[in-house]
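See below for the structure under consideration.
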Amino acid sequence: PKITYNFLFKFLVIGSAGTGKSCLLHQFIENKFKQDSNHTIGVEFGSRVVNVGGKTVKLQIWDTAGQERFRSVTRSYYRGAAGALLVYDITSRETYNALTNWLTDARTLASPNIVIILCGNKKDLDADREVTFLEASRFAQENELMFLETSALTGENVEEAFLKCARTILNKIESGELDPERMGSGIQYGDASLRQLRQPRGSAAQTKQQCNC
Amino acid sequence: LSLPPSLSPSLSSLHMAAAGAPSPSSPALTPSSPAQLSPDDVELLAKLEEQNRLLETDCKSLRSVNGSRRNSGSSLVSSSSASSNLSHLEEDSWILWGRIVNEWEEVRKKKDKLLKDLVRKGIPHHFRAIVWQLLCNAQNMPIKDQYSELLKMTSPCEKLIRRDIARTYPEHEFFKEKDSLGQEVLFNVMKAYSLVDREVGYCQGSAFIVGLLLMQMPEEEAFCVFVKLMQDYRLRELFKPSMAELGLCMYQFECMIQEHLPELHMHFQAQSFHTSMYASSWFLTIFLTSFPLPVATRIFDIFMCEGLEIVFRVGLAILQMNQAELVQLDMEGMLQHFQKVIPHQLDSGPDKVIQAAYQVKYNAKKMKKLEKEYTTIKTKEMEEQVEIKVGMLDLHVMRFHANIFEDYLSQINPNPDNTSTRDI
């Protein structure tokens, strides 16, 4: 049976090669660590329906190859993304230093309104840490990003990262800051959606009742 | 003896042509001239056909063993008898390939069509190393002598390469253990290449090709074959930092879909299902990351002999075989279909898809034309981008002057509010 949902959000997972983007996606979709996986060539895809703030939201997630030169392939997937996980590896300063470039790409190619959560992945490898939590939090603050340290291996904060991003988008829709009907918003109404979100509460309840008959 | 449907049409038409029967006209095939075939060749081809037929029976009986318990007794008997016949034929094919290797120059020059047909049937495992090297002309390359020197050097790509080593064939026996011989030689070849070709350096995807070579041959030889593939098989263009050739391949492939499978093409467009969503890895790794390894290896045999054309052919054959299902699916359904269903369609072997690939009409002239078209489009795009950049530069210069002017004004005018020129 087809699962109905209120919204569909288009998501991206971006960041340098080897930071664990595909593993984060796999952990989120399958609830386990992907032990033996190839490095990603081009783009891969996954989706999951989640419950956020009483709404069913389908996340349609594009996972991209990390090497710089693949940007020519992946950039076309940025268009109209509503949210992104920007991933670096806490044990590699190089992947942290590349964040600014990824961020520019996301904001120029996707949309200036894209909601981004910074993920310091491989949190389980604390002994090899090269980037402190504090330093990355400052970077996140300066660039208006949400921030979590994650572990695709243990699953810690993985679900949270995706959900936090989705919740923020939803809040922005409810407050009117984001307009799902704008072209390239990366948001679509699902079949279960009654487009009642931006109406006053009373009338929203009414619409719901009417449609349940 | 009736011919089984699994037979490659090219082989049967060849056989018939040699036997004096009229060759069926099929636009996908170039009928070979009967004069090229000696009676020996004809006999060998007949044997290969027989081998193929037995292989087919073998597959079928194995399937019925898995599929139905009731038939298992009789299937096992037929399976084992097929296998014992197979070993005789295997011997024959060894003799044949032994002869081909020994008389390589002669075969290449005078029996190229026969060679092509044999390669399409699959190179026997034990001959792959030598035949691949012969096919791409990688023997006696001077660069081979530099290999050990290259390994002593340091490459700027080392870190990048290192990151991908454990993520290349992670399930394959030869590569899966950390710091195994497989991982070490894979690193060595990738590093050596990045040193001789600074422009390409290392590109993700290429390690799958080198990995396949290393499954067949020692590292120095794999290195030479890889150098040849990069130079002579369009791979270098695919892996360059701009990856422009990949864009071209996507363009050409999409045009092929539009021409041969217009209904499917329209469905893809309606669903915003882009060629690159499923086909970039087909081209960048010659199906090695998309299909089961035995199947991809057989396709790679043909790639070594005929080049990138086989990727277009097999790609289109796959779409053709799946068209009916694909048009029923939305974008997400199609992505799932490509990821999960299609690889398993090939579990029973590559013969069906290879056969279908040779039914595909591939027009080399048309491809050349498309290349020109694509270059024109890209050049135009570039020019437009340059114009935009120049425009932005002008704006920056104007802002800069405006700021100076403003500073100047603020110096002479004590009330700066009225003098803002920022919004020029």
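A, B, ... follow the sequence lines: proteins, then strands. Residue 1 opens every chain.
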Under 4.5 Å to a heavy atom of chain B? For A:Thr74 that would be neither
Most contact-rich option vs chain B, by heavy-atom pairs under 4.5 angstrom, among A:Ser72, A:Ser76, A:Gly18, is A:Gly18
(request) Count the heavy atoms belonging to other residues, nucleotides or ligands that lie under 6.0 Å from CZ of B:Arg162, then report whether that count exceeds 12. (result) no
Turns out that what part of A:Gln35 lies under 4.5 Å from chain B's heavy atoms comes down to neither
One should read off an interatomic distance between B:Ser242 OG and A:Arg71 CZ, to the nearest 0.5 angstrom, of 15.0 Å
Whatever's closer than 4.5 Å to a heavy atom in chain B on A:Gln60 counts as side chain
message = Determine whether A:Glu68 and B:Leu160 satisfy the following criterion, side chain to side chain contact (heavy atoms under 4.5 Å, CB included), listing intermediate values before the conclusion.
response = CA-CA 11 Å; A:Glu68 175 106 7; B:Leu160 215 57; over 6 Å; no
Taking a cut-off of under 4.5 angstrom between non-hydrogen atoms, the residues of residues 371-382 of chain B near chain A are none
task: Check step by step if side chain to side chain contact (heavy atoms under 4.5 Å, CB included) holds for B:Leu284 and A:Phe70.
output: CA-CA 11 Å; B:Leu284 288 171; A:Phe70 275 86; 3.6 Å; yes
Heavy-atom nearest pair, B:Gly205 first then A:His39, reads N-NE2, 3.4 Å
Answer key: most heavy-atom pairs under 4.5 Å with chain B among A:Ser16, A:Ser37, A:Gly42 is A:Ser37
When the 4.5 angstrom heavy-atom criterion is applied to B:Lys159 and chain A, the contacting part is side chain
A:Arg69 and B:Pro241 have their tightest heavy-atom pair at CB-O, 3.1 Å
Honestly, the part of B:Thr285 sitting under 4.5 Å from a heavy atom of chain A is side chain
Of the listed B:Tyr202, B:Phe239, B:Tyr278, the one with the largest count of heavy-atom pairs under 4.5 Å with chain A is B:Tyr202
dist B:Asp164:CG -> A:Gln67:CD (nearest 0.5 Å) comes out at 7.5 Å
Checklist entry - Are there more than 12 heavy atoms of other residues, nucleotides or ligands under 6.0 Å from atom CD of A:Glu94? => result no
Nearest heavy-atom approach of B:Glu332 to A:Phe45 is CG-CE2, 3.1 Å
| B:Gln204 and A:Asn38, any side-chain heavy atoms less than 4.5 Å apart | no
If you count the non-hydrogen atoms of other residues, nucleotides and ligands that lie under 6.0 Å from CZ in A:Arg79, is the total more than 12? no
Interatomic distance, OH@A:Tyr77 vs OG@B:Ser276, rounded to 0.5 Å, equals 2.5 Å
Check whether any side-chain heavy atom of A:Thr95 lies under 4.5 Å from a side-chain heavy atom of B:Arg163, and answer yes or no. yes
So, the part of A:Lys58 with a heavy atom under 4.5 Å from chain B: the answer is side chain
